[in-house]
2 protein chains.
Amino acid sequence: MKAEEISRKLIEKGLKVTPQRIAVYEAVIQLNNHPTAESIIKNIKKTSPHIASATVYKVLDALTENGLIKRVKTEKDIMRYDAILEKHHHLYCTETDRIEDYQDEHLDRLIENYFKEKEIPDFEIEDIKLQINGKFMKNN
Amino acid sequence: MKAEEISRKLIEKGLKVTPQRIAVYEAVIQLNNHPTAESIIKNIKKTSPHIASATVYKVLDALTENGLIKRVKTEKDIMRYDAILEKHHHLYCTETDRIEDYQDEHLDRLIENYFKEKEIPDFEIEDIKLQINGKFMKNN
DNA sequence: CTATTAAAAGAGAATCATTCTCTTTAACGG
DNA sequence: CCGTTAAAGAGAATGATTCTCTTTTAATAG
């Protein structure tokens, strides 16, 4: 994407156009494989060695808040532990971060059958987990 | 679960039985809603104030490695960013941590229809994401 | 029951991504 | 151009987790 087009998008969202914002946006587009903040910072520092790491974080936040990019949350986090070992999915409350288990063998079978017919190229499925985002109706 | 039964499980796995291991295991079972290491530590320190935090982490690792508990990985992690805004799922490589997008409208419709018929009690679904774990066949 | 020894626990420093605080700079409307 | 105000810069702070090194203890054999 051209810097000009990025400028236009920033202006559309009412964000000030700065070289740092353009650089960060360009980097996220260019590093198109879900880059971490770290790899974005490294990439940008090649061309703009003086940018502060905190600035990159702030720009990423601003772009995310304005829907220009998305945060992809991954897998190495503040870990949580579970004594229940059966296969289960997660209900995830977008308001409170509460997580509940959700088991549904019928659904599992449905998905399993679907992927028996339709394979994903170059990918061998080991296991599928659903993350069902939403809201709990009651606080219990 | 009784301490005795926990001992038996530890022995089964060839792990030494220590009061700390029993306390951690009991805490994970008792705090049955996906406790974080932090809340496990807090819980244990009520009864065993002298346990070292690092010990709890080590015990959790040992229990996880031996299949006695599971790690539940959640949602606030080392964030990754994505310039692709369309709805998509993720192929997650368990070997390399590589993440690829996976779009499949047919599958989305299948799941959507399923949850039109079968509601989850006390939960309002906003959006469902699949995390498809497995291995990429080629390194490209 | 006691000694041996390998594994585990303890303590606190180190790490590392991210956030915070405070100061300086610069975008942009007038 | 100028002033206002948001944004950038710098580096300290944070906080979960890991590491390193020392001490203790569980399991085992004599």
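Numbers restart at 1 for each chain; the letters A, B, ... are given by sequence-line order, proteins then strands.
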OP1, OP2 of C:dT19 versus side-chain N and O of A:Y57: anything below 4.0 Å? no

Could you state the atom-to-atom distance from NE2 of B:H50 to C1' of C:dG12 in whole Å? 16 Å

Choose from D:dA26, C:dG10, D:dA16 the nucleotide whose nearest atom is closest to any side-chain atom of B:P19. D:dA26

With respect to the side chain of B:A54, which nucleotide from D:dA27, C:dG12, C:dA27 is positioned closest? C:dG12

Rounded to whole Å, CD of A:E65 lies from P of D:dA6 at a distance of 14 Å

Round to the nearest Å and state the distance from A:I41 atom CD1 to C:dC16 atom P. 14 Å

Rounded distance in Å - CG (B:L60) to P (D:dT17): 9 Å

Residue A:K16, side-chain atoms from C-beta onward, closest of D:dT18, C:dC28, C:dA8: C:dC28

Rounding to a whole Å, what distance do you find between A:K42:NZ and C:dT18:C1'? 17 Å

Candidates D:dA8, C:dA9, D:dT17 - which lies nearest the side chain of B:T55: C:dA9

Between A:R21 and B:I11, name the one whose nearest nucleotide on DNA chain D is closer to the 5' end. A:R21

Stepwise side-chain contact (heavy atoms from CB on, under 4.5 Å) check, B:E65 with B:K13: CA-CA 10 Å; B:E65 273 164 30; B:K13 300 291 180 180; over 6 Å; no

Just the rounded figure in Å: distance from P of C:dA9 to CD1 of B:I44. 11 Å

Compare all side-chain heavy atoms of A:R109 with those of A:H106 and state whether any distance is below 4.5 angstrom. yes

Quick check for you: among D:dG9, C:dA7, C:dT19, whose closest atom lies nearest to any side-chain atom of A:A52? D:dG9

Plane angle bin for B:Y102 and A:F115 - parallel if under 30°, tilted between 30 and 60°, otherwise perpendicular: tilted

Heavy-atom nearest pair, B:N133 first then A:K129, reads ND2-CG, 4.5 Å

Of the listed nucleotides C:dA9, D:dA26, C:dA27, the one nearest the side chain of A:T18: C:dA27

Would you mind checking if A:E4 and A:R8 are paired as a salt bridge, meaning a charged N to carboxylate O distance below 4.0 Å? no

Let me know the distance between CG of A:D61 and C1' of C:dT19, rounded to the nearest Å. 9 Å

Using whole Å, report how far CG of B:L63 lies from C1' of C:dA8. 13 Å

Between B:Q20 and C:dG10, is there a side-chain N or O to OP1/OP2 distance below 4.0 Å? yes

Between B:E38 and B:V17, which residue's closest nucleotide on DNA chain D lies nearer the 5′ terminus? B:E38

Looking only at the side chain of B:K58 (C-beta and beyond, no hydrogens), which of the listed nucleotides C:dT21, C:dA11, D:dT17 gets closest? C:dA11

